[in-house]
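What's counted below: heavy atoms across the whole structure, side chains too, no hydrogens, waters or symmetry copies.
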Amino acid sequence: MPLVRIDLIRGRHIDEVRAVADATHRALVDVLDIPERDRFQIITEHDADHIIALDAGLGLERTDRMVMIQIFTQSGRTTEVKQRVYHTIAKQLEALGISGEDVFISIMENGPQDWSFGHGRAQYTEGVLPVPGR
């Protein structure tokens, strides 16, 4: 865990879509120190008029290369760690030619009781999996 949703505007080559997913995962491995195979991602491509992302008064000029990333993870990470996640993902995506203005990231926190990895069981609360960060 974490669970990552990546939303982009349709039209990218499949290799670029995978590169965005790989770069996002690499940042989480590096900053959150999660295992390499702890990878759960949902990638969705949308028609251009199905993503609306204005600038919230920051003067950002978004393009069709926009990437929106939602990270669902266990609570307890510091503001500094979250800021490192944002920065590292943006730098990873910049290396792919995606401007920082086109990177929108949100972290949503929850608890161990909010996860089931299969069989209808809550593996964290049952003690089958260690709770990250504890």
Side-chain angles (χ1 to χ4, degrees):
M1 116 52 254
L3 171 63
V4 179
R5 295 191 60 94
I6 301 171
D7 292 276
L8 353 121
I9 294 172
R10 192 179 319 282
R12 294 181 180 178
H13 189 275
I14 189 65
D15 292 341
E16 183 180 359
V17 172
R18 182 58 187 239
V20 167
D22 291 347
T24 302
H25 183 65
R26 172 61 33 219
L28 296 179
V29 168
D30 292 348
V31 176
L32 301 182
D33 198 30
I34 63 172
E36 188 70 40
R37 288 186 47 84
D38 194 352
R39 185 171 181 169
F40 302 92
Q41 296 177 316
I42 302 165
I43 303 164
T44 308
E45 295 181 89
H46 304 272
D47 293 335
D49 59 346
H50 289 180
I51 291 184
I52 300 169
L54 303 179
D55 71 5
L58 299 173
L60 302 174
E61 294 295 327
R62 310 258 193 219
T63 72
D64 63 353
R65 303 216 7 98
M66 167 106 175
V67 177
M68 297 182 94
I69 300 170
Q70 293 177 298
I71 302 166
F72 299 86
T73 189
Q74 295 281 336
S75 61
R77 300 214 166 72
T78 66
T79 297
E80 292 78 19
V81 168
K82 292 175 188 177
Q83 289 173 323
R84 279 190 20 234
V85 167
Y86 304 144
H87 177 78
T88 305
I89 290 173
K91 284 296 181 193
Q92 293 274 3
L93 296 182
E94 183 178 57
L96 300 176
I98 299 168
S99 165
E101 289 186 301
D102 280 330
V103 179
F104 182 101
I105 305 167
S106 175
I107 295 177
M108 310 295 291
E109 294 182 315
N110 53 39
Q113 71 279 4
D114 298 314
W115 295 87
S116 172
F117 292 91
H119 301 288
R121 297 175 55 199
Q123 288 86 353
Y124 288 135
T125 58
E126 293 174 3
V128 176
L129 288 174
V131 177
R134 292 191 187 165

Should the heavy atoms of other residues, nucleotides or ligands under 6.0 Å from CG of Leu58 be counted, would the total exceed 12? yes
Does atom CZ (Arg10) have a neighbourhood of more than 12 heavy atoms from anything else shown, all under 6.0 Å? yes
With a 4.5 Å cut-off on side-chain heavy-atom distances among I, L, V, M, F, W and Y, is there a chain of contacts connecting Ile43 to Val67? yes
Could you pull out the closest heavy-atom pair between Leu96 and Ala23, with the gap in Å? CD1-CB, 4.1 Å
Hydrophobic cluster (4.5 angstrom, side-chain heavy atoms) - remaining members for Phe104: Ile9, Ile51, Met66, Met68
So which heavy atom on Glu109 is nearest to which on Gln74, and how close? OE2-O, 4.0 Å
Closest non-hydrogen atom pair, Ala21 against Gln41: O-NE2, 2.9 Å
Does a side-chain heavy-atom distance below 4.5 Å link Ser99 with Thr63? no
Would you say the side chain of Glu16 lies within less than 4.5 Å of the side chain of Arg65, judging by non-hydrogen atoms? yes
With distance as the sole test, does Asp30 use its side chain to make a donor-acceptor pair with the main-chain N or O of Ala27 at under 3.5 Å? no
Working to the nearest 0.5 angstrom, can you tell me the gap between Glu126 CD and Arg121 CZ? 4.0 Å
Pairs in or reaching into residues 3-44: which pass ring pair (Phe, Tyr, Trp, His ring centres under 6.0 Å), with residues at least two apart or in two chains? Phe40-Phe117
Can you check side chain to side chain contact (heavy atoms under 4.5 Å, CB included) on Arg12 and Val20, steps first, answer last? CA-CA 10 Å; Arg12 294 181 180 178; Val20 167; 4.1 Å; yes
Gln123 vs Ser116, side chain to side chain contact (heavy atoms under 4.5 Å, CB included): CA-CA, chis, key distance, verdict: CA-CA 6 Å; Gln123 288 86 353; Ser116 172; 4.2 Å; yes
Would Arg39 and Asp22 pass as an ion pair if we require N to O under 4.0 Å? yes
Over all heavy atoms of both residues, which pair between Tyr124 and Pro130 is shortest? Give the atoms and the distance, please. CE2-O, 3.3 Å
Check for me, please, whether Ile69 and Val81 land in the same ILVMFWY cluster - side-chain distances under 4.5 Å, paths through other members count. yes
Of all the heavy-atom pairs spanning Arg62 and Glu101, show the shortest one and how long it is. NH1-O, 2.5 Å
Leu129 and Leu3: same hydrophobic cluster, using ILVMFWY side-chain contacts below 4.5 Å? yes
Should His87 and Lys91 count as side-chain neighbours, where that means a heavy-atom distance under 4.5 Å? yes
Closest non-hydrogen atom pair between Glu36 and Val29, with its separation: OE1-CG1, 3.9 Å
Audit row: Thr44, Arg5, side chain to side chain contact (heavy atoms under 4.5 Å, CB included) steps and yes/no: CA-CA 8 Å; Thr44 308; Arg5 295 191 60 94; 3.8 Å; yes
Ile105 side, atom CD1; Leu93 side, atom CG - distance, nearest 0.5 Å: 7.0 Å
Identify whether Ile34 and Ile6 are in the same connected component of the hydrophobic contact network (ILVMFWY, side-chain heavy atoms under 4.5 Å). yes
Evaluate side chain to side chain contact (heavy atoms under 4.5 Å, CB included) for Ile89 paired with Ile71, printing each intermediate quantity in order. CA-CA 11 Å; Ile89 290 173; Ile71 302 166; 3.9 Å; yes
Determine whether Ile42 and Val17 fall in the same hydrophobic cluster, where Ile, Leu, Val, Met, Phe, Trp and Tyr are linked whenever their side-chain heavy atoms lie under 4.5 Å apart. no
